[in-house]
Amino acid sequence: MISSIKPVSSSLTAITGVRRSVPTKLRFSPLPIIRSFENTNPFTHRALSSYNLSNFSVAAAVQRRDGFKVGAYEADRSRQIEIGVDIPDEQSGQKVKIGIYFATWWALNVVFNIYNKKVLNAFPYPWLTSTLSLACGSLMMLVSWVTRVADAPQTDLDFWKTLFPVAVAHTIGHVAATVSMSKVAVSFTHIIKSGEPAFSVLVSRLFLGDTFPLPVYLSLLPIIGGCALAAVTELNFNMIGFMGAMISNLAFVFRNIFSKKGMKGKSVSGMNYYACLSMMSLFILTPFAIAVEGPQMWAAGWQNAVSEIGPNFVWWVVAQSVFYHLYNQVSYMSLDQISPLTFSVGNTMKRISVIVASIIIFQNPVKPVNALGAAIAILGTFIYSQAKQ
């Protein structure tokens, strides 16, 4: 052995001054280990202040008594026997944190989809509904910055220039998804939206020239087949609803591509990034919402919804707007903590929770073959996320 550690009893004797044992001479520099001991235990720090380096074995033994594991390297082997300290398992804490992110993300998304569908059933104006969602989120973040609840991002003109194409794609995807849910069941919209990986591979191959391994292409078969089976067996099929979900898939793929290319090197947190994205999307969407639907239609539709639903309708609008921002904010925050693979798996599980919850809440009739198509599509999405890594 390169070094030896004296028994604890001998070391304690040295500390108390009754008898001082002479340690074996060290054959390597102990300075890094000594500095580590000094920084981690005040008792050892006092011991090292009283003794010179030749007493390293004494200090190490006392440190061992306090619960640290002390080891050394064998002279004839390049392997570690036992070295370091006992510290709490950081990985378990990280797993708990990721679990909290996922649970919060899924819960907020389920609540949003339920209230969003309730609003659209009573107030079929998806352009205004989409605008209110973005406006609510933008207002929430502005208030948090002004009150210093959250730190405002440090941005410049270049940041907003690179964010603009991302915001355009985000706006299109958001409105298209809302239009889809105003025409068809929530479960059907999310079944079709589970086909987003197919659009991702297609766009990346055609526009970016990316190539993928064979398992990735094969994983698209169950996605496409499952979505097709679910579409042709949907009892309340609507072409506008179907096309809205498809356009939303395509738009969100471009959003992700623009975001990856344009935001490299930008030091903006996930929460603030989504806040800025919401504000720019609101700026883009508002004039189009006014042109497509307009205040006159909104006023008549609002009065009709309040007369049918009552004051609860106002709460539904507020709830769907708040929860839309919160679930998206949590998803962007989670990207700062987890890998893209973990995020993809979480997104797949999120769609399952939304589909199941919407079927239970709204009691939508589902054929067994339709459920089979949904299961195949979602399974294909999971296989794709695994094959792409």
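Along the sequence shown, residues carry numbers from 1. What you see is a predicted model; the values in this text were computed from it and never measured.
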Next on the checklist: Distance to the ring centre below 6.0 angstrom and angle to the axis at most 45 degrees; does that hold for K161 and F164?
Outcome noted: no

Item to check | Smallest separation among heavy atoms of A198 and L220, with atom names | outcome: CA-CD2, 3.7 Å

Item to check | Joint cluster assignment, V201 & L214, ILVMFWY side-chain distance < 4.5 Å | outcome: no

Item to check | Path from F112 to V314 over hydrophobic side-chain contacts below 4.5 Å | outcome: yes

Next on the checklist: Between W106 and Y327 (judged by ring centroids, cut-off 6.0 Å), do the two rings come close enough to count as a pair?
Outcome noted: no

Item to check | Nearest heavy-atom neighbours spanning F382 and S385 | outcome: O-OG, 2.6 Å

Checklist entry - Any chain of hydrophobic side-chain contacts (each under 4.5 Å) joining I355 to I376? => result no

Checklist entry - Out of T129, I114, V318, which one pairs with V119 under the side-chain contact (heavy atoms from CB on, under 4.5 Å) rule? => result T129

Item to check | Candidate pair W127 and I290, rule side chain to side chain contact (heavy atoms under 4.5 Å, CB included), full reasoning | outcome: CA-CA 8 Å; W127 288 79; I290 295 174; over 6 Å; no

Checklist entry - Between C276 and W160, does a side chain to side chain contact (heavy atoms under 4.5 Å, CB included) hold up when you go through it step by step? => result CA-CA 8 Å; C276 295; W160 293 102; 3.7 Å; yes

Checklist entry - Any side-chain heavy-atom pair from S281 and L277 closer than 4.5 angstrom? => result yes

Checklist entry - F242 vs F237 aromatic rings, parallel, tilted or perpendicular, using cut-offs 30° and 60°? => result tilted

Next on the checklist: Please find the pair of heavy atoms, one from N364 and one from A185, that lie closest to each other, and give the distance.
Outcome noted: ND2-CB, 3.6 Å

Checklist entry - Which pair of non-hydrogen atoms, one from A122 and one from A305, has the smallest distance, and what is that distance? => result O-CB, 3.6 Å

Checklist entry - Counting heavy atoms not belonging to F212, are there more than 12 under 6.0 Å from its CZ? => result yes

Item to check | Minimum side-chain heavy-atom gap K193-F252 below 4.5 Å | outcome: yes

Checklist entry - Do S321 side-chain atoms and V317 backbone N/O form a donor-acceptor pair below 3.5 Å? => result yes

Item to check | Main-chain N/O of N256 paired with S259 side-chain donor or acceptor, under 3.5 Å | outcome: no

Checklist entry - Is W316 reachable from L128 through a run of I, L, V, M, F, W or Y residues, each pair having side-chain heavy atoms under 4.5 Å apart? => result yes

Checklist entry - Between N113 and N109, is there a donor-acceptor pair closer than 3.5 Å when you use the side chain of the first and the backbone of the second? => result yes

Checklist entry - Judged by atom type as modelled, is there a donor-acceptor pair below 3.5 Å linking the side chain of S353 to the main-chain atoms of K350? => result yes

Item to check | For the student: nearest non-hydrogen atoms of I223 and S194, plus distance | outcome: CG2-O, 3.9 Å

Next on the checklist: Taking atom CG as the centre, does D151 end up with more than 12 heavy-atom neighbours from other residues, nucleotides or ligands that are less than 6.0 angstrom away?
Outcome noted: no

Item to check | Spacing of OG belonging to S219 relative to CD belonging to Q386, to within rounding of 0.5 Å | outcome: 10.5 Å

Checklist entry - When I192 is tested against each of M243, M246, E234 for side-chain contact (heavy atoms from CB on, under 4.5 Å), which residue passes? => result M246

Item to check | Interatomic spacing from CD1 in I361 to NZ in K117 - rounded to 0.5 Å | outcome: 14.0 Å

Checklist entry - Does I172 reach the side chain of I247, with side-chain heavy atoms less than 4.5 Å apart? => result yes

Checklist entry - If we only count heavy atoms from C-beta on, is the V330 to F102 side-chain gap below 4.5 Å? => result no

Checklist outcome for this item: So CH2 of W302 and OG of S307: to nearest 0.5 Å the spacing works out to 12.5 Å

Next on the checklist: For a side-chain hydrogen bond (donor to acceptor under 3.5 Å, both in side chains) check, start with the C-alpha distance between S182 and Y125, then their side-chain angles and the critical distance, and finish with the verdict.
Outcome noted: CA-CA 8 Å; S182 69; Y125 298 97; over 6 Å; no

Next on the checklist: So L132 and Y324, do their side chains get closer than 4.5 Å, heavy atoms only?
Outcome noted: no

Checklist entry - CD1/I224 to CZ/F199 distance, rounded to the nearest 0.5 angstrom? => result 8.5 Å

Next on the checklist: I'd like to know whether S180 forms a side-chain hydrogen bond (donor to acceptor under 3.5 Å, both in side chains) with T189, so could you lay out the CA-CA distance, the side-chain angles of the two residues, the decisive distance to 0.1 Å, and finally the verdict.
Outcome noted: CA-CA 6 Å; S180 175; T189 297; 2.9 Å; yes

Checklist outcome for this item: Taken to the nearest 0.5 Å, the spacing of S187 OG from I360 CD1 works out to 11.5 Å

Item to check | Non-hydrogen side-chain atoms of Q303 and E308 separated by less than 4.5 Å | outcome: no

Next on the checklist: So which atom in T178 and which in S130 form the shortest heavy-atom distance, rounded to 0.1 Å?
Outcome noted: OG1-OG, 3.1 Å

Next on the checklist: Given 3.5 Å as the limit, does a donor-acceptor pair link the side chain of N238 with the main chain of K183, or not?
Outcome noted: no

Item to check | Side chain to side chain, Q320 and S133, heavy atoms closer than 4.5 Å | outcome: yes

Item to check | Residues Y274, S331; criterion side chain to side chain contact (heavy atoms under 4.5 Å, CB included); working and verdict | outcome: CA-CA 9 Å; Y274 180 71; S331 70; over 6 Å; no

Checklist entry - In terms of the angle between their ring planes, are F254 and F207 parallel, tilted or perpendicular, with boundaries placed at 30° and 60°? => result perpendicular

Checklist entry - Can you check whether Q329 reaches M140 side chain to side chain, under 4.5 Å on heavy atoms? => result no

Checklist entry - Please walk me through it: do M279 and L142 pass side chain to side chain contact (heavy atoms under 4.5 Å, CB included)? => result CA-CA 10 Å; M279 293 174 188; L142 285 174; 3.6 Å; yes

Next on the checklist: Does atom CZ (F362) have a neighbourhood of more than 12 heavy atoms from anything else shown, all under 6.0 Å?
Outcome noted: yes

Checklist entry - Do the side chains of M280 and L139 join up, straight or via other hydrophobic residues, at under 4.5 Å, putting them in one cluster? => result no

Checklist entry - Do side-chain atoms of S248 reach the backbone of G244 as a donor and acceptor pair under 3.5 angstrom? => result no

